[in-house]
Amino acid sequence: MEKLPSAYPASELEPEIYHLWEESGYFNPDKLPGERKESFTIIMPPPNANDPLHIGHAVFVSLQDIMIRYQRMRGKRALWLPGTDHAGFETQVVWERKLAQQGKDRFSLGREEFFRQLWEYTQKNKRIVKEQLKSLGASCDWSREKFTLDEDIVSIVYETFYQLWKDGLLYRGKRIVNYCPYHRTAFSNLEVKYTEEKTYLYFVRYDFADNSGEYITVATTRPETIPGDVAIAVNPKDRRYSSVLGREVIEPITKRKIPIIADERVEMDFGTGALKITPAHASLDFEIGQDHHLDIRETLDFDGKFNKLAGPLAGLTVSQARKKAEEILQSGGYLVKKQEYWHQIGRCYKCGTAIEPMLMDQWFVAVTKPFRGGKSLRDLAVEAVQTGKIKIIPSRFKKVFFHWMENLRDWNISRQIVWGIRIPVYYCQEQKSELCRKKKGIIVSPSGPPARCPYCGSTKIKQDPDVLDTWFSSGQWPFATLMTTGENDFSRFYPTQVMETGWDILFFWVARMIMLGLYRTKKVPFEVVYLHGLVRDKDRQKMSKSKGNVIDPLGVVNTYGADALRMALVIGNTAGKDIIIFEEKIKGYRNFANKIWNVARFVLLNLEGFNPEKEIEPIPEDKKILQEFNSVKKKVTQHLDNYRFSLAGETLYQYFWHTFADKIVEEMKIRIKGKNQVASAQYVLYSVLTDCLKMLHPFMPFVTEAIWQRLPKSSSAAQLLMVEKWPL
RNA sequence: GGGUGAUUAGCUCAGUGGUUAGAGCGCAUCGUUCACAUCGAUGAGGUCGCUGGUUCAAGUCCAGCAUCACCCACCA
C-alpha cells in the first residue's frame, strides 16, 4: 500500500486530480454515467479576457462549483458552461493604458491594427483564465466553452438587434448622452458615477432686448454654456415672471436675442426660478427645447473644446471656458452674485473625467415601449420577478431591482470605441429615392454589408463606426451560448436553473439578461438569481492593485490549496453580503483539509479485515452514532437545497472535526486497539468517513477525491467521487 | 431627494421566534513518540447599538433614534 505523507500535499495532488476528472469526460453532462432525467444548468458569468482572475472570481467559482457538484451527485445532468467576455470598453481601456506606456494611442494605430492587437491580447488572456479556473477546481464543461466574440454568438446578437429593430424597440436618434471627453465615447447611465463636489452657483443678469433697462436673473452652475442658450424658462405658475413671458432677453456672452418661455418642469424655488435653456448640453434643457421647438446650439465639440459658436470661449476646454465666462460676465457687470454650491457631478467611472451631456446620434433600446401584447421589455422583466418565475436571493434585492426598473430610461447601446461587436447597420450615402430619404438611409443588416441600398440601389454604403455596449451582447449570454453549443442544447438546458453573480452587476447584467432573454426566447433565462458580495480585506477595504491589498487567488492556491481558499470564501458568509478574507482564515481551512487527510490515513491504517462489500449490523451504540450522523446529512442537504452554503459547510466542518475526529475516531481507536467490537467500529469509521467525503466534495473537491482514490470501495461505488451518489 | 444593509466575544463573522447565544482566529493553562503540532484537553472572554412595543417566549418580529457603510436619481 502507498505510504501517505502525514500532511496533505495539496499543490502536488491537485493538478493530478483535475486531470483525472477531465479525462473522465464527466464535466460534460452528455457523458455522465447513469440515467439522468433532470438537467441542472449554470451559465458561468464570463470573466473578462483582459486580465488574470482576481479573488472575486474565486468566489463565483466556489459557489457555482458547489452547486454543480452537488446537483451532479444528486443525479442531475449537470452543465456548467464556461466562457470569457471580450468586455468591450473595459478591455480597450486596459490595452490603451499599455499603449500609452509605449507612447502610442489607438488613434495613431488605426482601427484595424488596434482591433488585431486586442484580439491577440484577449486570446492570450483567455488561455490564462482557463488554466486558473482549472486550478480552482471548476468542474465546467470545456467542450462547450464560448467567447463573446465567437462568430456564432455575434450572429445571434445581430439577430436580436434586427428583431428589436423590426419590433420598433430600437431607434437611432440624437439624444443627450453621457459623454466622456477623455475616452471619447458615450455611456449608458450606469457607467456614470456621481460625486458630491463643491462648485459655484452663478447668478447671471440677462438684459431685456427692448432697452427698458430691466433684466432677469438666472442661476446656473455652468456659465460656459451660456453661448448655447436658446431661451430662458420660468414656471407658468410663477407670479413673479408672469408679465415677462414672451419678451426677449440678450444672452450676455455672444449677445443673441432669446425668448422667455414657460414650462412647468422649472422649479420655482431653485435659484431665481428662472432657468436658462441649453438644449445641446443638458438633458432637461433638451427635453424642454424639443417640446417648445427651440433651436439647438451645439457649442462644445467631441474633443471637449468649445467651437466658434461659443464666441469668445472658442478653443477652450470646459474648465478654461468657465473661468473665461466668469471674467466676461464680471467685467460686463452681468455677474450678480456667485455662491458656493455643493452638488452631484457625474464622472466617468473609469477615468474620473467630468461627464459632458452631449447631443449625439446613438442607438437606443426602447425598454419601456410596449410591443407585442402591449407589454414593454421592462414590464416583462418586472413581471417575471414579481410572479416568482425568477427568484432573487437574497430577496431584499427584489426591491432594489424593482426600484431601478421603475426609473428605467432608454438604453444607449452604441459606444464610440473599437473593441466590440460592430453595430450591424449601414448608411446609404446617396439616398437617391424618396423611400431612402424617408428611411434616412438606415439599413439594418444582420448578415453583413448589403451590396446595394435596398431603398434606392446606391452602392455607396458605409457601416456604422460604433460598437455595441458589452452588456447588450452579454445580456444575451444564457440563450446565445446554448443556441450555439450543440444541436439540442437549447431545448435541453434552457431555461437554466441558477445565475450566480455579484450584486454589483444586478442592473448592468442581470436585469438586461432577464429583458433580452424574455424577449428572444419568451422564457426566463434562469430560475434563481443568487447574488454574492464583494471581496474585501479585514479593514473592509475593497481590494485594488493601487491599495496593494489584493489577494492573488492563484498564489493562495499554491500555498494553501484550492480547497482551503474555497472554504474560506464560502464559510461565514451569506448571500448578498461582502466577503471578508484574510490569510489566517485560509490557513484555518488548510488545516481542515489536513485534518480530513489524516483522519482518512488513520482509517486506512485500521481497516485490516474490513470488506466494503459486506453489510454489517453495528452494535447498538454504533447505531446511535450513525443515527446522529443521519441528522447531520439531512441538515447539510437542507442547507444546500436552500442555498445556505455557509451553513452547510460549517455544519460539515463542525461535525467532521469536533464530532467525528475528536470523539468518534478517538473512541474507535481504543476499541480497535483493544480488539473490542472491531468489525462494527471499522464499519462506523468507514461509512461516516466516506459519507462525509461525499458531502464535503462540492466544497473541497480535491482533498476528498484524493482520499476517495485511495480508499477501498465496494463494486457499486463510483470510481470518481465526483459522480458518486449523494448520501441521502 | 429616495432606498438598502450593518451594529452579537479582543478581531472576522454565523445565528431558521423556543434549553444556558455560537464558530474561526487570537489569548491563558495543561498535554501529546502510537492519524494529524497544520494536534488534543480545559478555560477566560457577551447589559446581542439605544428606546419603546407585539408575544407564553425576542439577538430574531414591529416602530422610533443613533452611528457607520453602500446603492439609485436629468433641481439647473
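Chain A is the first sequence line, chain B the second, and so forth, proteins listed ahead of strands; every chain is numbered from 1.
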| Do A:Tyr70 and A:Asp641 meet the criterion of a side-chain donor-acceptor pair at a distance under 3.5 Å? | yes

| Taking the P atom of each, how far is B:U54 from B:G59, in whole Å? | 16 Å

| field | hbond_proxy A:Lys669 side chain to B:A35 base (donor-acceptor, 3.5 Å cutoff) | value | yes

| task | Take the protein atom CG of A:Asp285 and the nucleotide atom P of B:C75, then report the distance between them rounded to whole Å. | result | 12 Å

| What orientation do A:Tyr341 and A:His343 show, parallel under 30°, tilted 30 to 60°, or perpendicular over 60°? | tilted

| said: Please pick, from B:U16, B:U38, B:A76, the nucleotide with the shortest atom-to-atom distance to any side-chain atom of A:Phe270. | reply: B:A76

| Using atom C1' of each nucleotide, how far apart are B:G49 and B:A41 to the nearest Å? | 37 Å

| To the nearest angstrom, how far is A:Trp657 atom CH2 from B:C39 atom C1'? | 8 Å

| task | Pick base, sugar-phosphate or nothing for A:Phe507, based on heavy-atom distances below 4.0 Å to the nucleic acid. | result | sugar-phosphate

| message | I want to check one thing: is the phosphate of B:G40, taken as OP1 and OP2, less than 4.0 Å away from some side-chain N or O of A:Lys595? | response | yes

| query | Which is true for A:Ile580 with a 4.0 Å heavy-atom rule: it touches a base, it touches only sugar-phosphate, or it touches nothing? | reply | sugar-phosphate

| field | Nearest-angstrom distance, C1' atom, B:G26 to B:C11 | value | 7 Å

| query | Which part of the nucleic acid, if any, lies within reach of A:Val400 when heavy atoms closer than 4.0 Å are counted: base, sugar-phosphate only, or nothing? | reply | nothing

| field | Distance below 4.0 Å between A:His658 side-chain N/O and B:G24 OP1 or OP2 | value | yes

| message | I'd like to know if the side chain of A:Lys633 reaches the main chain of A:Met695, judged simply by a donor and an acceptor atom lying under 3.5 Å from each other, with no hydrogens or angles considered. | response | no

| request: Take atom P in B:U60 and the same atom in B:G53, then report the distance between them in whole Å. | output: 14 Å

| B:C72, B:A76, B:A6: which one has an atom nearest the side-chain heavy atoms of A:His403? | B:C72

| Spacing between A:Tyr349 atom OH and B:C72 atom P, to the nearest angstrom | 13 Å

| message | Let's see if you can work this out: which of B:C36, B:C71, B:A76 has an atom nearest to the side-chain heavy atoms of A:Tyr341? | response | B:A76

| request: Fit a plane to each ring of A:Tyr349 and A:Phe187, take the angle between them on a 0 to 90° scale, and name the class: parallel (under 30°), tilted (30 to 60°) or perpendicular (over 60°). | output: perpendicular

| For atom CD1 of A:Ile586 and atom P of B:C11, their distance in whole Å | 21 Å

| task | In whole angstrom, give me the gap between the C1' atoms of B:A9 and B:A21. | result | 11 Å

| query | Quick one: is B:C71 close enough that its OP1 or OP2 comes under 4.0 Å of any side-chain N or O from A:Lys399? | reply | no

| query | Given the P atoms of B:C65 and B:G46, what is the spacing between them in whole Å? | reply | 32 Å

| task | Measure from the side-chain heavy atoms of A:His343 and tell me the nearest of B:A73, B:G2, B:A76. | result | B:A76

| said: Mind checking if A:Arg222 touches a base, just sugar-phosphate, or nothing, with heavy atoms under 4.0 Å? | reply: nothing

| query | Less than 3.5 Å between a donor and an acceptor, one on the side chain of A:Arg590 and one on the base of B:U38, is that the case here? | reply | yes

| field | Below 4.0 Å: OP1/OP2 of B:C39 and any side-chain N or O of A:Asn594 | value | no

| request: Please confirm whether A:Tyr530 and A:Phe645 have ring centers closer than 6.0 angstrom. | output: yes

| message | Which nucleotide wins on minimum distance to the side chain of A:Gln654, given the candidates B:A35, B:G24, B:A76? | response | B:G24

| request: May I ask you to verify if any side-chain N or O of A:Thr574 is less than 4.0 angstrom from the OP1 or OP2 atom of B:A14? | output: yes

| message | Taking only the P atom of each, what is the distance from B:G64 to B:C25 in whole angstrom? | response | 41 Å

| Looking at RNA chain B, which of residues 232-239 of chain A put a heavy atom within less than 4.0 Å of it? | none

| Base B:A41 to side chain A:Glu666, donor-acceptor N/O within 3.5 Å cut-off | no

| query | How would you label the contact of A:Glu267 with the nucleic acid (heavy atoms, under 4.0 Å): base, sugar-phosphate, or nothing? | reply | base

| query | Checking all strands, does A:Val665 fall into the base, sugar-phosphate, or nothing category for heavy-atom contacts under 4.0 angstrom? | reply | base

| query | Looking at B:G24, B:C75, B:A14, which one has an atom nearest to any side-chain atom of A:Tyr653? | reply | B:G24

| query | Are a donor atom and an acceptor atom from the side chains of A:Asn189 and A:Asn178 found within less than 3.5 Å of each other? | reply | yes

| query | Step by step, would you call A:Arg222 with A:Asp285 a salt bridge (Lys or Arg N to Asp or Glu O under 4.0 Å)? | reply | CA-CA 13 Å; A:Arg222 304 203 57 189; A:Asp285 296 23; over 6 Å; no

| request: Assign A:Asp662 to base, sugar-phosphate, or nothing according to its heavy-atom contacts below 4.0 angstrom with the strands shown. | output: sugar-phosphate

| query | What residues in residues 189-201 of chain A put a non-hydrogen atom under 4.0 Å from any atom of RNA chain B? | reply | A:Lys193

| field | Spacing of A:Met567 atom CE relative to B:A23 atom C1', expressed in whole Å | value | 12 Å

| A:Ala593 near the nucleic acid: base, sugar-phosphate alone, or nothing, with a heavy-atom cut-off under 4.0 Å? | nothing

| said: Output the rounded distance in Å from CD1 (A:Ile664) to P (B:G40). | reply: 15 Å

| task | Indicate, with a heavy-atom threshold strictly under 4.0 Å, whether A:Ser646 touches base, sugar-phosphate, or nothing. | result | nothing

| said: Base, sugar-phosphate or nothing for A:Val603? Non-hydrogen atoms, less than 4.0 Å. | reply: nothing

| Salt-bridge contact A:Arg256-A:Asp295 (side-chain N to carboxylate O under 4.0 Å) | no

| Rounded to the Å, how far apart are A:Asn591 CG and B:G24 C1'? | 11 Å

| message | Cation-pi check for A:Phe656 against A:Lys595: NZ or CZ below 6.0 Å from the six-membered ring centre and within 45 degrees of the axis, yes or no? | response | no

| said: Roughly how many Å apart are B:C61 and B:U8, using the P atom of each and rounding to a whole number? | reply: 16 Å

| field | Ring centers of A:Tyr653, A:Tyr589 separated by less than 6.0 Å | value | yes

| query | With the threshold set at 4.0 Å, does a side-chain nitrogen-carboxylate oxygen contact exist between A:Glu584 and A:Lys587? | reply | no

| message | Counting the atoms with a prime plus P, OP1 and OP2 as sugar-phosphate, which does A:Ile176 contact under 4.0 Å by heavy atoms, base, sugar-phosphate, or nothing? | response | nothing

